[in-house]
Novice: 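Dropping the structure in here first, questions after.
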Number of protein chains: 2
Amino acid sequence: MTESSPPPPRVPAPSFPAPLSRVRLYEQVAEQISTWIAEHDLRPGDKLPPERELAARLGVSRATLSQALVALEVIGAVAVRHGDGTVVAKSLGATRIVEAVRAHANRLPEIIDTRDALETKIAALAAQRRTEADLQRIEDALAGMEADIERGGRGVEGDENFHAAVTAAAHSLLLSQLMGEIADLIRETRIESLSQPERPRASLAGHRAIAEAIRAGDPPAAASAMHAHVEMVSDVAVLRTT
Amino acid sequence: MTESSPPPPRVPAPSFPAPLSRVRLYEQVAEQISTWIAEHDLRPGDKLPPERELAARLGVSRATLSQALVALEVIGAVAVRHGDGTVVAKSLGATRIVEAVRAHANRLPEIIDTRDALETKIAALAAQRRTEADLQRIEDALAGMEADIERGGRGVEGDENFHAAVTAAAHSLLLSQLMGEIADLIRETRIESLSQPERPRASLAGHRAIAEAIRAGDPPAAASAMHAHVEMVSDVAVLRTT
DNA sequence: GTGGGCTATTGGCTAGGCCACTGATCCAGT
DNA sequence: ACTGGATCAGTGGCCTAGCCAATAGCCCAC
């Protein structure tokens, strides 16, 4: 537009392809930390490792780690407390939400609906953003669940790990935070569901389908597989409450 | 190293009813910098002094200054360019750092994703559970938004009312609670979005489509209409960050 | 004029250290 | 037995000092 005009245009052109966004270390570290939080299913109030240990584990200096924590603190993901440690930030209404829903009569349908909303989207995002490491974690969780079932277990822990790994693979701090808020509620339904005979194997099959779609990088398939999986849990819930 | 005379421990105020909120150095520094920007009337693109000089002038180490810059960068106030310098990114005028802490920057995509996840499901549920009263409330919000736009307004309030009405129509306590959690975050994107010319009318059209599907009791249509609506907002967000 | 390379400037990141704060434990005095 | 204060280990806050890496501008050879 104003190319030939005397005043120097500060913005070169409307089409700004990609000036090669330099990713600074602290950003990567922040990303890793939030992934770690999601992956380990940390809930508000849970403590992060000490700065010195965390820095060493991530292979960065304490100064850089500190920058990452500042970034996470500014967006409200964590709270750093002098002399005490760093904790996952508690959202203002976390307990209120859980309690309110607990008090509600038949809360199972609500939990199912919410899981469907969040996890379907999470599966789709995971399918397009997953890294090799993400896939590996998902695979590991799957293997752990299978091993547990083989031994006659219900695979509860593996189930949780799987969903945590998928959530982490979506690389969305906000979504993983919301999942964290309702984690307790989900856990209760999960245990109920997996208590039914044959349910663990069916659940495992559902997980495999989800993992496959995520590996294939097919968001719609991942979403639909996750939806089917949640629906399956829903059936169990209905049977129970009826 | 040490001062010739040891400074006495500073007492903040003669009376401190507050639990004595610890203000970390980087926060104060960030505050000072943004104040400095405002005072000197720096505009987007203007350069800040080099880190070394700035750190010396503020009497802090480079590490601390760096933390402050990270904080300012996360809230989108400045852009730090390796080898070149730090420039003002956006006029922050009277916005206070501490308040802007919840703001966006890199979170916009996440907020969009989350909205999409929750509201799409909410729309579908609303389509199958809405009562006559729900429909009426949705209609009212729509009418209010239209009237506001006719008067040259941006329909921000009507927009909020509409989404609140739809959320209520889904009759899911959990989902509405979660929407409440991210309401603040959404509000910012909403205002940005509706600030663009012609956007309010387009938004209104989107709302109409959603309302129509909900009235018709067609969950898939409602979900897809809501998805399209959120996508539209997403486009705006992309434009902003470019 | 143009292209290539040099260099000063500036941010990125690390290492190591000391200080301040917190919470739990222990011990002395009652 | 209980209370109150001192101690101690763990943790974040902040600093100093330094080297590395990217950028922009200059100068020189062509």
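Values below: every heavy atom of this structure, side chains too, minus hydrogens, waters and symmetry copies.
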Novice: Map A:Gly59 and A:Gly83 onto DNA chain C by nearest heavy atom, then report which one ends up closer to the 5' terminus.
Specialist: A:Gly59

Novice: Hey, are B:Lys47 and B:Asp84 close enough for a salt bridge, meaning a charged N less than 4.0 Å from a carboxylate O?
Specialist: yes

Novice: Side-chain N or O of A:Ser66 less than 4.0 angstrom from OP1 or OP2 on D:dG12?
Specialist: no

Novice: Might you work through the side chain to side chain contact (heavy atoms under 4.5 Å, CB included) test for A:Tyr26 and A:Val60, ending with a clear yes or no?
Specialist: CA-CA 9 Å; A:Tyr26 87 80; A:Val60 300; over 6 Å; no

Novice: Nearest whole Å is fine: how far is D:dT11 C1' from A:Glu53 CD?
Specialist: 12 Å

Novice: Measure from CG on B:Leu48 to P on C:dG11 and round the result to the nearest Å.
Specialist: 9 Å

Novice: Starting the side chain at C-beta, find the nucleotide from D:dC14, C:dC13, D:dG13 nearest to A:His82.
Specialist: D:dG13

Novice: Please pick, from C:dT14, C:dG12, C:dG23, the nucleotide with the shortest atom-to-atom distance to any side-chain atom of B:Arg52.
Specialist: C:dG12

Novice: Tell whether A:Arg62 reaches the base of C:dG16 with its side chain through a donor-acceptor pair below 3.5 angstrom.
Specialist: no

Novice: For the side chain of A:Glu51, counting heavy atoms from C-beta on, which of D:dG12, D:dC14, C:dA15 is nearest?
Specialist: D:dG12

Novice: Using a heavy-atom cut-off of under 4.0 Å over every strand shown, decide if A:Thr86 touches base, sugar-phosphate, or nothing.
Specialist: sugar-phosphate

Novice: Could you check how far CD of A:Gln67 sits from P of C:dT14, rounded to whole Å?
Specialist: 9 Å

Novice: Is there a donor-acceptor contact under 3.5 Å from the side chain of B:Thr35 to the main chain of B:Glu31?
Specialist: yes

Novice: Quick check for you: among D:dG12, C:dG12, C:dC13, whose closest atom lies nearest to any side-chain atom of A:Val80?
Specialist: D:dG12

Novice: Side chains of A:Asp134 and A:His171: any donor to acceptor distance under 3.5 Å?
Specialist: yes

Novice: I'd like to know if A:Arg81 reaches the base of D:dG12 with its side chain, counting only an N/O donor and acceptor under 3.5 Å.
Specialist: no

Novice: Would you mind reading off the distance between B:Leu65 atom CG and D:dC15 atom C1', rounded to a whole angstrom?
Specialist: 13 Å

Novice: Would you call B:Arg43-B:Asp46 a salt bridge at under 4.0 Å N-O?
Specialist: no

Novice: Nearest whole Å is fine: how far is D:dA9 C1' from A:Asp84 CG?
Specialist: 13 Å

Novice: In whole Å, I'd like the distance from the CG atom of B:Leu69 to the C1' atom of C:dC13.
Specialist: 15 Å

Novice: B:Leu54 has an atom CG; how far is it from atom C1' of C:dT10, in whole Å?
Specialist: 13 Å

Novice: Describe the nucleic acid contact of A:Ala63 in one word from base, sugar-phosphate, nothing, applying a heavy-atom distance below 4.0 Å.
Specialist: base

Novice: Atom CZ of A:Arg24 and atom P of C:dT14: how far apart are they, to the nearest Å?
Specialist: 14 Å

